[in-house]
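Shown next, in structure tokens, is the structure this report addresses.
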Amino acid sequence: MTAPETRRVRLPRLALVVRLLFALFLFGTGIMTMGFAVNGYPVSDSPDDVGQFMIALEKTGYLIFWVGLFKAVAGLLMFFPRTAPLAVLMSLPYAFNILLYVTFFAHQYLVIGLPDFAACVLLIYCYFDWYRPIFAGPHSLTETTPASIQTASGDGNAL
């Protein structure tokens, strides 16, 4: 595993600005989304396809609130440097889903969806040293696993 001392943030100034703006966006829209779950999604009297879709999501009763809560938590965690790599990974499914949503369904929101996904991808690149152990092969496990655990399991690669 990479020691914390050897982990670095690529493009640190850009990463800081993007991280804080993305954190503000996630936290603000998370709170707003939870408000929609409680008060209802604002649609016109004759909703278009996007409005009908949002009404259908609202009728499920749980999805909108939990997505908003998840976004708000990820946004809060992104404000702190120690938890930022985790928050970036937490926001990736949301950002990818929004990219698909605006690409295939709600084209008028491309101006929000594309930068949202781009910020997430950029931050994954900037924090990639934190994620490198995820992609390490099984050989790295035996190097860091104590011998007593290897002996007890019978094979160092059993995990």
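Below, all heavy atoms of this structure are taken into account, side chains as well, without hydrogens, waters or symmetry copies. The structure presented is a predicted model; accordingly, all values stated were derived computationally and were not measured.
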Go through the steps for Val50 and Phe105 under the test side chain to side chain contact (heavy atoms under 4.5 Å, CB included), then give the verdict. CA-CA 7 Å; Val50 174; Phe105 189 60; 4.0 Å; yes
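Between Ala72 and Met34, the shortest heavy-atom distance links the atoms CB-CE, 4.4 Å. Minimum interatomic distance between Tyr131 and Ile124 (heavy atoms only, all atoms of both residues): CE1-O, 3.8 Å. Scanning all heavy atoms of the two residues, the minimum distance from Arg19 to Pro81 falls at NH1-N, 3.8 Å. When every heavy atom of Cys120 is checked against every heavy atom of Val88, the shortest pair comes out as SG-O, 3.8 Å. The two residues Ala23 and Gly75 come nearest to each other via the heavy atoms CB-O, 3.4 Å. Here the closest non-hydrogen pair linking Pro115 and Leu110 is CD-O, 3.8 Å.
Taking OH of Tyr94 as the start and CG of Leu26 as the end, the distance is 6.5 Å to the nearest 0.5 Å. Atoms CG and CG, on Leu16 and Leu123 in that order, are 10.0 Å from each other to the nearest 0.5 Å. The CE atom of Met78 lies 9.5 Å from the CG atom of Leu86; values are rounded to the nearest 0.5 Å. For the atom pair NZ (Lys71) and CG (Leu76), the distance works out to 13.0 Å, reported to the nearest 0.5 Å. Expressed to the nearest 0.5 Å, how far CE of Met32 lies from CD1 of Ile64 amounts to 10.5 Å. Rounding to the nearest 0.5 Å gives a distance of 11.0 Å between OG1 of Thr33 and CZ of Phe65.
For Arg8 (side chain) and Asp129 (main-chain N/O), no donor-acceptor pair under 3.5 Å exists by modelled atom type. Panel note: side chain Thr83, backbone Leu77; a donor-acceptor pair is recorded below 3.5 Å.
The cationic atom of Arg10 (NZ for Lys, CZ for Arg) does not lie both less than 6.0 Å from the six-membered ring centre of Phe128 and within 45° of the ring axis.
For the pair Leu14/Leu122, a side-chain contact is recorded, criterion being any heavy-atom separation below 4.5 Å from C-beta on. Between Phe117 and Val102, the closest side-chain pair of non-hydrogen atoms is not below 4.5 Å. For the pair Leu89/Tyr127, no side-chain contact is recorded, criterion being any heavy-atom separation below 4.5 Å from C-beta on.
Within a 6.0 Å sphere centred on OH of Tyr109, other residues, nucleotides and ligands contribute 12 heavy atoms or fewer. Counting non-hydrogen atoms of neighbouring residues, nucleotides and ligands closer than 6.0 angstrom, the CZ atom of Phe96 reaches no more than 12 such neighbours.
In this structure, Phe22 and Phe25 have parallel ring planes: the angle between them is below the 30° cut-off, well short of the 60° mark.
Using a 4.5 Å cut-off between side-chain heavy atoms of Ile, Leu, Val, Met, Phe, Trp and Tyr, with links allowed through other members, Val38 and Ile55 fall into different hydrophobic clusters. Both Ile98 and Val121 belong to a single network of hydrophobic side chains, linked directly or stepwise wherever heavy atoms of I, L, V, M, F, W or Y lie under 4.5 Å apart.
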